[in-house]
Each structure stands twice: as C-alpha cells, then as structure tokens.
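Below is one structure, written out as structure tokens, with a few remarks after it.
Chain identifiers are assigned alphabetically (A, B, ...) following the order of the sequence lines, protein sequences preceding nucleic acid strands; residue numbering begins at 1 within each chain.
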There are 2 protein chains.
Amino acid sequence: MSTDSSAATPPNDALGYLLKHAALRLATLTDASLTPLGIDSKDLGAIRVLARREPTSQLQVAQTLGIDRTTMVALLDALERQGLVTRQPDPDDRRRNLVELTNVGTETYEAGEAIRKAVEAEFLTPLDQGDGEQLRDALRALMAAPDAH
Amino acid sequence: MSTDSSAATPPNDALGYLLKHAALRLATLTDASLTPLGIDSKDLGAIRVLARREPTSQLQVAQTLGIDRTTMVALLDALERQGLVTRQPDPDDRRRNLVELTNVGTETYEAGEAIRKAVEAEFLTPLDQGDGEQLRDALRALMAAPDAH
DNA sequence: TATTGTTATACTCTATAACTATA
DNA sequence: TATAGTTATAGAGTATAACAATA
C-alpha cells in the first residue's frame with residue numbers, strides 16, 4: 001500500500017506535517033516526470049550545482065546539498081556512468097576530483113529544469129495567482145534565517 | 001559554508017528543495033524540544049489523532065497519518081509502554097484494537113501541542129506578521145487538492 | 001597530522017509477506 | 001474469503017569508521 005496522505009479524514013494543520021507531506025508529494029511527482037531523462041530530483045539537484053560551471057570538488061557539491069561526502073560517491077558514480085559528468089584529479093590538489101558537466105549533462109540539466117518547473121506549476125495550481133511565488137519566497141526567507149546546520 | 005553566492009551562484013530556489021529542508025529543520029527543532037516529554041513529533045502526531053476522543057482502531061490512526069499499519073504497531077508499543085495510550089479489543093469486532101489516550105497521555109498531548117506551537121512560532125519569526133499563517137493556508141490548500149498520483 | 005575520495009559496515013525508517021485470530 | 005494486528009524480513013537511504021593517496 002502506498003502512503004495515501006489524502007485519506008478521508010480531518011485536516012492536520014501542524015506545520016511540520018504539512019511541509020513534510022507537501023515535500024513528499026512534489027518529489028514523487030517530479031521524480032515520475034524526470035524518469036524519461038534517467039535521473040531523479042536528487043540527481044538534478046547535484047547537476048544544478050555543477051551547472052554553475054565553476055570548478056567544483058565532490059566535497060563542495062556534497063556540502064552545497066547538505067549530504068555526506070560518502071553519499072556523493074555513489075550519486076556521481078551513476079551520473080558518470082550515464083555520461084552526464086566527468087571526474088578529473090585537480091592539478092592543484094590531487095586529493096580532489098574536479099567534477100564537470102559534459103555536453104550531454106548540460107542538455108539533461110536544461111531539460112530537467114524545464115520539467116521541474118512545469119511540475120511545480122502544476123503542483124501549485126490549487127493556489128491563486130501569485131500565492132505560489134509567495135509560498136516560495138516565504139520558504140526562502142525561512143531557509144536564509146540564521147542557525148542553519 | 002561560503003557566502004559568495006552573489007550573482008553567479010544563485011540560491012537553490014527549487015520548491016522541492018525548500019520544502020524538504022524546511023520540513024527537516026522544523027522536525028529537528030520540534031523533536032529536540034519534545035524530548036523532555038519522552039516523545040517525538042511523530043508520536044505527537046499519533047497522539048493528536050487520538051485526542052479527538054473518538055473510538056479509534058490502530059488501522060484508522062495509521063490511515064489518518066498516511067503510514068502503514070505495520071509501522072503503527074511499534075509506534076503504539078512505545079506509547080503504551082510509556083503509559084500514554086491503552087489498547088483494548090473492540091467488543092463489536094474483536095479483530096480490532098481500540099486505542100485510547102490515558103490521563104497521562106492527555107496531559108502529554110496538551111504539553112506537546114504547546115511546545116509544538118511555540119517551536120513553530122519561533123521557526124516562523126523570520127516572516128512578517130501574518131505571512132506565517134498564509135504559508136500554512138497555502139500548504140493546506142495544496143494538500144487538500146485531489147491531485148494524488 | 002589533516003584532508004579527499006573510497007569502501008565496507010551499520011543504522012534508521014518504512015514497506016512487503018506471512019502468520020493468527022477473528023469475522 | 002477477507003480483515004486487523006502482529007512478526008519477521010527486506011529494501012531504501014544515509015551516516016560512521018577505516019583506509020589509501022595526497023597535502
């Protein structure tokens with residue numbers, strides 16, 4: 001059985017519940033729409049960091065996304081296997097791998113971002129015009145606040 | 001973490017990223033504040049369902065929360081061990097357990113909800129007055145939409 | 001001695017399958 | 001046959017510890 005959070009019963013207006021289930025539902029929708037590209041929303045997040053076209057080590061990507069560097073290994077293994085990224089030792093510090101998007105990776109990034117935005121727009125249709133951007137602004141303000149991890 | 005994300009490195013404004021990390025941060029804060037009560041935010045969610053004081057089976061609680069019935073077993077085991085809930089076979093259908101809050105469970109519910117609300121208020125302080133409730137309203141509207149699958 | 005990437009391992013969370021007792 | 005609760009198990013997902021190469 002799936003997690004049918006829209007069961008019959010009453011509204012749970014605890015903010016944590018709402019945030020968690022909204023995140024889960026949007027991730028499910030996005031992952032489903034990204035499958036033709038062979039990636040999921042987590043892969044797209046890593047690709048988005050690399051799309052800045054600045055020399056980036058694996059550790060920097062991991063820290064930007066807030067995940068462990070050991071988790072990054074398998075994630076990049078998959079992207080490299082798909083030909084979306086390359087890894088080269090940094091000439092200035094050979095402990096580091098410089099990770100870069102390939103041309104295919106860049107194309108996948110652009111296609112993936114288009115899909116993500118379309119899914120977000122669809123997800124936000126229950127809201128009135130402008131309320132979607134206000135939701136995003138509010139979340140951005142919360143995450144920019146101090147005492148982040 | 002660096003702060004050089006001026007123009008070339010835009011913040012990650014993917015809605016899924018923002019929702020997920022906001023949910024994680026609020027859950028971490030809430031769980032930390034609930035520890036004196038011996039429960040976490042997931043326990044409080046189950047207790048909240050039971051606080052309606054309607055005869056409720058384990059399956060009903062699980063479905064309301066959108067979790068599997070097998071997951072509910074261990075959750076209620078812990079709450080029962082702490083003396084917060086009781087389980088009795090339903091006289092009308094002895095396959096079912098009727099789950100009820102004890103007096104201690106009711107006290108814990110009230111204390112827990114007070115803590116949750118205080119943590120939410122603190123979490124929302126970066127937002128202007130009223131924007132917090134608008135955030136909650138927007139999320140409620142999204143989760144009420146019949147758009148599953 | 002510290003850091004980056006890697007591997008192996010463990011832990012958490014949750015779901016699936018199978019069993020029981022009831023219906 | 002079907003359902004509620006339980007148990008055992010498996011599968012993601014992710015973190016911790018140890019190790020090699022490099023600084």
Ion pair check, [X] and [Y], cut-off under 4.0 Å:
| X | Y | value |
| --- | --- | --- |
| B:D77 | B:R87 | yes |
| B:D13 | A:R136 | no |
| A:E113 | A:R116 | yes |
| B:R53 | B:E100 | no |

Would you kindly give the [atom1]-to-[atom2] distance between [X] and [N], to the nearest whole Å?
| X | N | atom1 | atom2 | value |
| --- | --- | --- | --- | --- |
| A:D43 | D:dG13 | CG | P | 10 Å |
| B:L59 | C:dT22 | CG | C1' | 15 Å |
| B:D40 | C:dC13 | CG | C1' | 12 Å |
| A:Q63 | D:dA15 | CD | P | 13 Å |
| B:Q88 | D:dG5 | CD | C1' | 16 Å |
| A:D90 | D:dA21 | CG | C1' | 14 Å |

| In residues 92-102 of chain B, what residues come within less than 4.0 Å of DNA chain C, judged by heavy atoms? | B:D93, B:R94, B:R95
| field | Interface with DNA chain C, restricted to residues 66-77 of chain A and to heavy atoms under 4.0 Å | value | A:R69, A:T70, A:V73
| A:K42 vs D:dT14: side-chain N/O to OP1/OP2 distance below 4.0 Å | yes
| request: Indicate whether OP1 or OP2 belonging to C:dT6 is found under 4.0 Å from a side-chain N or O atom of A:Q58. | output: yes
| request: Taking all heavy atoms of A:L75 and all of A:A46, pick out the closest pair and write down the distance. | output: CD2-CB, 3.8 Å
| request: Might you point out which heavy atoms bring B:L15 and A:L139 nearest each other, and give the distance in Å? | output: CD1-CD1, 3.9 Å
| Atom pair CG (B:N97) and CG (B:L76), whose distance is rounded to the nearest 0.5 Å | 8.5 Å
| query | Any donor-acceptor pair under 3.5 Å linking the side chain of B:T56 with the backbone of B:V61? | reply | no
| query | Short question: side chain of A:D31, backbone of A:T28 - any donor-acceptor pair under 3.5 Å? | reply | no
